[in-house]
Amino acid sequence: MARKKKLKICLATAEFAPLAKTGGLADVSAALSVYLHGAGHDIRVVMPFYSTLNRGELKFEPVDNFQNLTVTLGPWDVEYSIYRTVLPRSGLPIYLLRCPALYDRDGLYTSGKDEHLRFLLLSRAAIEMCQHMQFSPDIFHCHDWHAATIPLYLKTNYAWDKLFADTRSVLTIHNIGYQGKFPAEILADMTLGPNVGHLHQDDLSSGIINFLKTGLLHADLLTTVSPTYAREIQGAEYGMGVDDILRARSDALIGILNGVDDAEWDPQTDQLIPRKFSMQNLSGKKICKRDLLKELGLDGNLNRPVIAVISRFVSQKGFDLMEKVLPRLLTQRDFSLAVLGSGDPQLEAFFDSLRRQLPSRVGFYRGFNNKLAHWIEAGADMFLMPSRYEPCGLNQMYSLKYGTVPIVRETGGLADSVQQINPSTRSGTGVLFRDYDEAGIDWAINTALDLYKDRPLWQEIIQNGMAMDFSWQQQGEQYVNIFRKLSGK
Ligand code: ADP
C-alpha cells in the first residue's frame with residue numbers, strides 16, 4: 001500500500017488558546033492544529049499578535065527577513081512583522097503578525113472604524129507569508145469571518161502566483177451569528193480592483209460588505225462544527241440571513257463535531273482542579289465540589305446539587321430563559337448555582353442580584369477565569385446550557401468528561417453530543433429540551449433535580465457521560481479525510 005503524503009496546511013485564525021481566546025474558536029483552532037502537527041502534517045498557524053496576548057512562558061522571536069513588511073489595503077500601506085513562537089508540549093510553530101497600529105488594543109475585537117482592516121491584514125498577510133516562505137499549502141484553512149476573505153483573494157488578487165495553483169480553501173464556520181458586516185465604504189480597502197464583481201452584488205448595492213458571506217461564496221469547501229448545525233443553518237430560523245447561500249452550496253457543506261483537547265480537559269490529569277478523579281474513582285469529584293463551594297462562599301452541604309453556568313453573557317446562550325425560571329426555581333427547589341461569565345451588563349446585574357438575595361446558594365464570578373472554569377466543571381453536579389442556537393458548544397462536552405450532567409436545549413452540537421437520559425434503561429448522558437421556552441427549561445431543570453435524587457442511577461448517568469470519546473483523534477482525522485479528498489492527495 002502506498003504511504004499517504006502528508007498535507008501542507010496554512011491555518012488562519014483570530015483566536016488560538018491559550019494565547020488569545022474569547023470562546024470556542026480558540027480551543028478548536030489550537031486543538032485541531034496541535035492534532036494535525038502531531039499527525040505529521042506541515043501546518044503553519046497565522047494569527048494576530050495582539051498586545052493583550054496571554055504570553056505565559058512563551059518566547060516570541062522575530063522571524064529573520066520577515067520584518068517591516070507592507071501590505072497595501074486600499075490607500076493604507078500597513079506595516080507589519082512576523083514573529084514566531086513554538087508551543088512547548090507539542091512543538092507546534094505559530095506565526096504572529098505584529099502590527100501595533102492595528103493590534104495594540106484593549107481586547108481581541110473592537111467596534112472601531114478600522115475593524116475590517118485588522119482582519120483584512122490577517123487574511124492578506126497570511127497569504128503573503130506563504131509567498132515569503134515559498135510555502136505552497138494544499139489547504140488554506142480559514143476560520144470564521146476574520147479569515148473568510150482569503151478564498152476570494154486566492155482566486156483573484158493572488159491567482160497569478162503558481163504557488164497557489166493547487167491550493168484549496170476551506171472555511172470553517174464556528175458561529176454564523178458573527179459575519180463581519182461592514183459598510184460598502186470599505187470597498188477600496190479590500191484592494192480588489194476589477195475583482196469587485198466577485199463580492200455579493202445585492203449586498204454591495206444595499207451598501208454592505210459581508211466578509212463571512214464572501215467566504216461562503218468562494219471557499220472550495222465549507223465546514224461547520226456539528227452535523228446538526230450544518231443542517232440547521234440551511235434554514236431560515238438558524239441561517240442568519242445566509243441560509244440561501246448555504247442551501248445552494250449544501251453539497252460543499254460538512255458538519256464535523258468539535259473534539260475536546262485532552263491535554264487541557266481531563267479530570268485524571270487536570271492540574272487546575274483541587275483533586276483529580278476518574279470514572280472508576282469519583283471520590284476526587286466530591287473534594288472538588290467541597291472546595292468549589294468554599295471558593296464561591298456557598299453553604300457546604302454536599303448533598304445539595306450544584307448547577308453550573310460558564311458562558312459569554314450573550315443572548316445566544318439562552319439567558320432570557322434563565323432569567324424567567326431561575327429566581328422561582330431557587331425558591332421551589334433545593335439546589336445551588338455556580339455562575340462564571342461576563343458580557344451583557346443587564347445579565348451581570350441579574351446574577352449579582354440573585355447572589356445578593358441568596359448568598360449561601362448562589363455564587364457568581366464576573367469575568368473570564370480559566371482555572372475557575374476547570375474547577376466548576378469538576379465540582380458541579382449539572383451544567384446548564386439552554387442555548388437558543390449552539391454551533392457545537394464545548395462546555396457540555398467538558399461537563400460530560402468531568403461527570404457533570406448537562407441540561408441543554410436540543411440544538412446544534414448540543415443535540416449531537418448529549419443523549420437523553422432514560423431511567424428505565426439507565427442510558428443517556430443528560431437532559432435535553434426541545435422548545436425554546438419557559439416550560440422547556442423548567443421541565444429540564446426539574447427533571448435533572450428529580451433524577452439526582454436516585455443516587456445509584458445518577459452515578460451511572462455520570463459514568464455514561466465520562467465514557468464518551470470526544471478526542472481530537474477522531475474528529476481531527478475527519479478533517480484530514482476531507483482535506484485529502486479536496487486536494488486529491
Ligand atoms: P462559545 O464559543 O460560543 O463561547 P463554547 O462552549 O464553544 O462557546 O466555548 C466556550 C469556551 O470558552 C469554553 O472553553 C469555556 O470554558 C470558555 N469560557 C467561556 N466563558 C468563560 C469564562 N467566563 N471564564 C473562563 N472560560 C470561559
Side-chain angles (χ1 to χ4, degrees), residues 13-32 54 107-109 143-146 172-178 224-226 228-229 233 238 240 255-267 270 272-273 292 295-296 308-319 338-344 347-348 351-352 363-380 383-402 404 406-409 411-418 430 470 472 475:
T13 181
E15 296 191 23
F16 192 99
L19 288 173
K21 167 168 168 172
T22 68
L25 166 63
D27 299 79
V28 176
S29 304
L32 176 60
N54 177 17
L108 305 194
Y109 307 120
H143 290 261
D144 272 349
W145 71 263
H146 321 99
T172 294
I173 307 158
H174 295 263
N175 189 334
I176 209 149
Y178 300 88
T224 189
V225 288
S226 69
T228 296
Y229 194 58
I233 55 179
Y238 294 92
M240 301 278 184
I256 301 177
L257 194 71
N258 286 333
V260 168
D261 184 351
D262 292 327
E264 293 291 325
W265 294 93
D266 181 349
D270 194 328
L272 300 176
I273 59 178
L292 174 67
E295 176 76 10
L296 294 175
V309 175
I310 303 172
S311 184
R312 295 180 293 120
F313 286 3
V314 292
S315 70
Q316 171 204 338
K317 301 292 180 178
F319 284 103
V339 180
L340 166 61
S342 59
D344 183 342
L347 293 169
E348 292 178 358
F351 285 114
D352 228 8
F364 169 40
Y365 180 103
R366 185 163 61 88
F368 194 92
N369 184 329
N370 187 42
K371 184 175 175 196
L372 187 57
H374 282 249
W375 210 341
I376 291 177
E377 286 291 6
F383 193 92
L384 180 60
M385 213 164 161
S387 304
R388 194 182 283 276
Y389 73 93
E390 194 59 69
C392 177
L394 291 169
N395 275 311
Q396 83 283 7
M397 295 198 272
Y398 301 156
S399 299
L400 289 166
K401 290 199 71 171
Y402 282 69
T404 300
I407 304 170
V408 301
R409 178 153 174 267
T411 184
L414 300 173
D416 291 337
S417 56
V418 182
F470 294 114
W472 271 102
Q475 327 297 63

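We count ligands from 1, going down the list as the structure has it; atoms in each ligand are counted the same way.
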**Request:** Name the closest protein heavy atom to atom 5 (P) of ligand 1, giving the residue it belongs to and the distance to 0.1 Å.
**Result:** L394 N, 3.6 Å

**Asked** So which protein heavy atom does atom 14 (O) of ligand 1 come closest to, and at what separation?
**Response** K21 NZ, 2.9 Å

**Message:** For the backbone of I173 and the side chain of Y229, can you confirm whether one donor and one acceptor N or O come within less than 3.5 Å of each other?
**Reply:** no

**For S417 against L257, the heavy-atom pair lying closest together** = CB-CD2, 4.4 Å

**Asked** Between T22 and ligand 1, is there a nitrogen or oxygen pair with a distance under 3.5 Å?
**Response** no

**Prompt:** Got the closest protein heavy atom to atom 8 (O) of ligand 1, with its distance?
**Reply:** K317 NZ, 3.1 Å

**Request:** Using a 4.0 Å heavy-atom threshold (strictly under), name the region of N369 that reaches ligand 1: side chain, backbone, both or neither.
**Result:** backbone

**Message:** Using the ring centroid of each side chain, check whether F351 and F313 are separated by less than 6.0 Å.
**Reply:** yes

**Request:** Considering only non-hydrogen protein atoms, determine which one is nearest to atom 18 (N) of ligand 1 and report residue, atom name and distance to 0.1 Å.
**Result:** F368 CE1, 3.8 Å

**Message:** Please give me the minimum heavy-atom distance between D352 and F364, naming the atom from each residue.
**Reply:** N-CD2, 3.7 Å

**Any N/O pair W265/ligand 1 closer than 3.5 Å** = no

**Structural part of S311 in contact with ligand 1, heavy atom criterion under 4.0 angstrom** = backbone

**Item:** L25-ligand 1 polar pair, N/O distance under 3.5 Å
**Value:** no

**Request:** Tell me, please, which residues at least two apart from N370 pass side chain to side chain contact (heavy atoms under 4.5 Å, CB included).
**Result:** W265, L272, H374

**Prompt:** For atom 9 (O) of ligand 1, what is the nearest protein heavy atom, given as residue, atom name and distance?
**Reply:** G24 N, 3.3 Å

**Prompt:** Going by the atom numbers of ligand 1, which of them fall below 4.0 Å from some non-hydrogen atom of N395?
**Reply:** 6 (O), 13 (C), 15 (C), 16 (O)

**Criterion side chain to side chain donor-acceptor pair (under 3.5 Å) on T22 and E15, from CA distance to verdict** = CA-CA 8 Å; T22 68; E15 296 191 23; 2.6 Å; yes

**Asked** Applying a strict 4.0 Å limit to heavy atoms, is C392 in contact with ligand 1?
**Response** no

**Message:** Take a 6.0 Å sphere around CZ of R312 and say whether it holds more than 12 heavy atoms from other residues, nucleotides or ligands.
**Reply:** yes

**Asked** Can you tell me the protein heavy atom closest to atom 4 (O) of ligand 1 and the distance?
**Response** R312 NE, 2.7 Å

**Request:** List the atom of W472, the atom of V260, and the distance in Å for their closest heavy-atom pair.
**Result:** CD1-O, 3.4 Å

**Asked** For ligand 1, which atoms have a heavy atom of G341 less than 4.0 angstrom away?
**Response** 23 (N)

**Prompt:** Measuring from the heavy atoms of E377, does anything fall under 4.0 Å of ligand 1?
**Reply:** no

**Contact (N/O only, under 3.5 Å) between Q316 and ligand 1** = no

**Item:** Qualifying residues under salt bridge (Lys or Arg N to Asp or Glu O under 4.0 Å), relative to D27, sequence neighbours excluded
**Value:** K21

**Request:** Ignoring hydrogens and angles, tell me if any N or O in the side chain of Y402 forms a donor-acceptor pair with the backbone of D266 under 3.5 Å.
**Result:** yes

**Side-chain heavy-atom pair Y389, I233 within 4.5 angstrom cut-off** = no

**Request:** Provide the closest heavy-atom pair for D261 versus A31 in the form atom of the first, atom of the second, distance.
**Result:** CB-CB, 4.0 Å

**Prompt:** Strictly under 4.0 Å, does any heavy atom of Y398 approach an atom of ligand 1?
**Reply:** yes

**Request:** Have a look at G367, A373, S342 and point out the one with the heavy atom closest to atom 23 (N) of ligand 1.
**Result:** G367

**Fill in**
Between V418 and G430 the two heavy atoms that sit nearest each other are CG1-CA, 3.7 Å

**Request:** Report the part of N175 (side chain from C-beta onward, or backbone N, CA, C, O) that has a heavy atom under 4.0 Å from ligand 1; answer both or neither where that applies.
**Result:** neither

**Asked** What part of H174 sits under 4.0 Å from ligand 1 if we count only heavy atoms: the side chain, the backbone, both or neither?
**Response** neither

**Prompt:** Has ligand 1 got any nitrogen or oxygen that is less than 3.5 angstrom from a nitrogen or oxygen of N370?
**Reply:** no

